[in-house]
Amino acid sequence: MRIKKYMAAWLGICVLALSGFSACADQYRTSDSQEEETDETKTQLYVQNFSGGFGSDWLYALADRFEEFYKDESFEPGKVGVQVRIEKARTDGISLLADLDATPAEVFFNESVYYYDYLAQDLLLDISDVMTEPLSEYGEEGTIEDKMTDEQKSYYQSGGKYYGIPHYAGYNGIVYDKDLFDEYNLYFKNEPGRSVLINSPDDEKSAGPDGKTGTSDDGFPATYDEFYQLCDAMVEMGITPFVWAGQYYDTYVEKVMYAMCVDHEGLEQTMLNYTFGGKEGGVATNLIGEVENGSYEKLGDMKITVENAYNLWRSEGKYLSMKFFEKIVKNRDYYTKNVFSPAHLYTEAQKDFIESRPEGTPIAMILEGCWWENEAKSVIAECGDRNGEEYAPENRHFGMMPLPKASDDDIGKKNTIVDTHYSLGFIKKSIAPSKIEVAKKFLKFACTDESLSEFTVLTNTVKALKYEMTEENLGKMTYFGKSVYQLHNNSDIVYPYSSEDVYLDNQSRLSVHNSYYSIVGGGEKARPITYMRESVSNGADEYFNGMYVYQQRNWENVYGRYYD
């Protein structure tokens with residue numbers, strides 16, 4: 001097994017975070033409201049789930065079907081059947097690392113799991129057979145491995161073996177209120193050479209970012225400029241374009257900013273940020289020189305290796321996505337007054353968005369993740385209870401907006417999206433030998449097409465695997481859930497990791513969360529959104545130029561040992 005050095009700093013944080021952790025029997029439930037007594041005649045399988053925005057309903061449903069499927073099978077002497085005991089995790093994968101073996105759970109589903117840190121401490125069970133054996137016992141021909149991308153296969157194989165399974169996908173983007181868009185005709189008209197909004201629902205909508213009419217993105221702003229035009233039109237109509245959580249404004253805005261960068265750069269160019277060209281090197285085709293007053297020159301193709309990979313911090317996508325949000329944050333009419341207040345919680349931002357119709361000034365969009373609707377479903381229901389059938393959950397329609405392109409030249413380029421959550425399903429190595437078989441079967445069962453589809457129906461989100469939903473199951477989903485699934489199925493997907501040594505040894509440093517460091521405004525203590533918002537002018541230019549300088553100055557000290 002290729003073992004990577006675990007970062008001691010993380011361990012210290014994790015120990016402090018979990019010093020008071022303990023697990024109690026009453027944490028195990030079959031639902032949020034019903035405790036479950038232990039049935040000693042069955043094998044108990046303990047499963048821990050970090051519910052977050054995705055909840056646990058999918059896991060309760062999975063456990064029920066698993067128990068039914070194996071109700072007559074014996075996994076331990078003197079016992080028949082399985083009882084799945086579900087524990088809600090108190091921490092994400094970063095903090096769980098320090099105390100994994102102290103928990104009674106045997107199977108885990110979590111996020112922010114830096115996979116090779118877990119391997120470095122030899123904490124994970126080899127599940128290669130789970131990944132590569134056919135799913136024939138569940139009526140499928142292929143394997144779980146077949147449902148993974150090449151990048152996922154490379155990353156999750158360590159020494160030719162698998163120790164984890166990708167779990168849910170976390171996509172960040174712009175969520176819009178479709179009902180509001182329909183009511184105010186907030187779509188562009190199909191009128192060549194002009195960008196004007198439709199006058200009525202009967203008007204033919206423009207082609208949208210994909211450049212084709214008759215598709216799901218018709219009428220949406222195709223370019224950044226059209227997006228600003230839409231926001232200006234909203235303001236004139238008395239609509240506030242945006243809300244987001246002040247509590248995490250740097251994270252929420254930066255993740256959407258990075259999503260726009262990825263969409264501009266595409267899969268191959270984005271992956272250079274994690275592979276650094278690999279052993280043979282790669283070619284960066286989208287780099288730009290220093291920016292001044294919004295102007296820059298594109299550089300020629302550049303061969304990228306680990307020695308000069310700091311040049312990737314001057315990609316055009318990084319700059320243009322920053323420039324896009326600079327205009328947003330500098331226009332105070334574009335967002336609610338509390339989006340930069342640390343006291344403005346993410347739950348309050350969701351509530352503001354949902355209840356703005358009909359209880360206040362309408363808000364058209366929220367910067368959020370694909371899990372937000374599942375996370376906020378109780379708020380949606382309560383709004384319906386107060387305001388009548390029109391606002392009942394089944395009559396509310398939200399969607400994941402297709403991201404606009406930087407310019408007319410980019411219209412028609414395939415969508416590229418990024419999963420930022422580093423989620424993982426795994427079995428701890430210290431599991432009792434008598435439980436290994438049932439634990440492996442549970443992970444395998446969780447990745448059948450039936451289980452993946454059930455997860456998608458119940459959460460209106462997606463798993464980080466390839467699978468097809470039936471029309472029947474799609475019909476059970478919300479409008480928002482369908483838009484997320486469509487985005488997942490019709491886009492190239494960046495999973496921001498690689499199997500290269502330089503990445504594996506520095507995962508936290510190179511994660512999505514640390515994509516934007518600059519020498520300006522106090523160095524890495526300044527986040528780009530804060531700097532751009534507070535700067536007098538051209539803050540995006542200054543911050544972008546400073547990112548390249550920052551990386552170039554620090555590169556050899558950090559990564560020099562990987563040079564040939």
Self-check item: Over-ring placement of Lys205 relative to Phe188, 6.0 Å and 45° cut-offs
Solution: no
Quiz item: Under 6.0 Å between the ring centres of Tyr187 and Phe220?
Solution: yes
Quiz item: Do NZ/NE/NH1/NH2 and the carboxylate oxygens of Asp449 and Lys147 come within less than 4.0 Å?
Solution: yes
Self-check item: Contacts of type salt bridge (Lys or Arg N to Asp or Glu O under 4.0 Å), residue Glu183, not counting sequence neighbours
Solution: Arg357
Quiz item: Between Lys298 and Glu316, does at least one N-O distance fall below 4.0 Å, as a salt bridge requires?
Solution: yes
Quiz item: Are Tyr228 and Phe324 close enough that their ring centres sit under 6.0 Å apart?
Solution: yes
Exercise. Would you check if there is a donor-acceptor pair between the side chains of Lys405 and His264 at a distance under 3.5 Å?
Key: no
Quiz prompt | Atom pair CG/CD1 of Asp263 and Ile417 - distance to nearest 0.5 Å | solution = 9.5 Å
Quiz item: Which word best sums up how the rings of Trp555 and Phe276 line up, parallel for under 30°, tilted for 30 to 60°, or perpendicular for over 60°?
Solution: perpendicular
Exercise. May I ask you to say whether Lys323 pairs ionically with Glu326, meaning some side-chain N is under 4.0 Å from a carboxylate O?
Key: yes
Quiz item: Would you call Glu254-Arg527 a salt bridge at under 4.0 Å N-O?
Solution: yes
Quiz item: Hey, is CD on Gln552 packed in by over 12 heavy atoms from elsewhere, all under 6.0 Å?
Solution: yes
Quiz prompt | Residues, nucleotides or ligands: over 12 heavy atoms within 6.0 Å of Lys330 NZ | solution = yes
Practice problem: Kindly indicate, with the supporting measurements, whether the criterion side-chain hydrogen bond (donor to acceptor under 3.5 Å, both in side chains) is fulfilled by Thr275 and Glu500. | Solution: CA-CA 6 Å; Thr275 65; Glu500 295 298 322; over 6 Å; no
Self-check item: Geometric class of the Tyr115/Tyr155 ring pair [parallel <30°, tilted 30-60°, perpendicular >60°]
Solution: tilted
Quiz prompt | Distance flag, aromatic centroids of Phe398 and Tyr176, threshold under 6.0 Å | solution = no
Quiz item: Is the NZ or CZ atom of Lys377 both under 6.0 Å from the centre of the six-membered ring of Trp372 and within 45° of that ring's axis?
Solution: no
Quiz item: Heavy-atom distance under 4.5 Å between the side chains of Leu186 and Met237, does that happen here?
Solution: yes
Quiz item: Do Tyr467 and Thr456 meet the criterion of a side-chain donor-acceptor pair at a distance under 3.5 Å?
Solution: yes
Exercise. Run the numbers on Tyr550 and Arg553 for side-chain hydrogen bond (donor to acceptor under 3.5 Å, both in side chains), then give the verdict.
Key: CA-CA 5 Å; Tyr550 175 87; Arg553 286 179 180 177; over 6 Å; no
Practice problem: Start with the C-alpha distance between Asn338 and Ser341, add both sets of side-chain angles, then the distance that settles side-chain hydrogen bond (donor to acceptor under 3.5 Å, both in side chains), and finish with yes or no. | Solution: CA-CA 5 Å; Asn338 46 12; Ser341 168; over 6 Å; no
Quiz item: Using the ring of each side chain (for Trp, its six-membered ring), is Tyr531 parallel, tilted or perpendicular to Tyr543, with breaks at 30° and 60°?
Solution: tilted
Quiz item: With respect to Tyr296, which candidate in Asp541, Asn545, Val291 satisfies the side chain to side chain contact (heavy atoms under 4.5 Å, CB included) definition?
Solution: Val291
Quiz item: Are Arg314 and Tyr319 in a cation-pi contact, defined as NZ or CZ under 6.0 Å from the six-membered ring centre and within 45° of the axis?
Solution: no
Quiz item: CD1/Ile165 to SG/Cys447 distance, rounded to the nearest 0.5 angstrom?
Solution: 4.0 Å
Quiz item: Is the centre of the Trp244 ring less than 6.0 Å from the centre of the Tyr334 ring?
Solution: no
Quiz item: Does Lys303 NZ have over 12 foreign heavy atoms under 6.0 Å away?
Solution: no
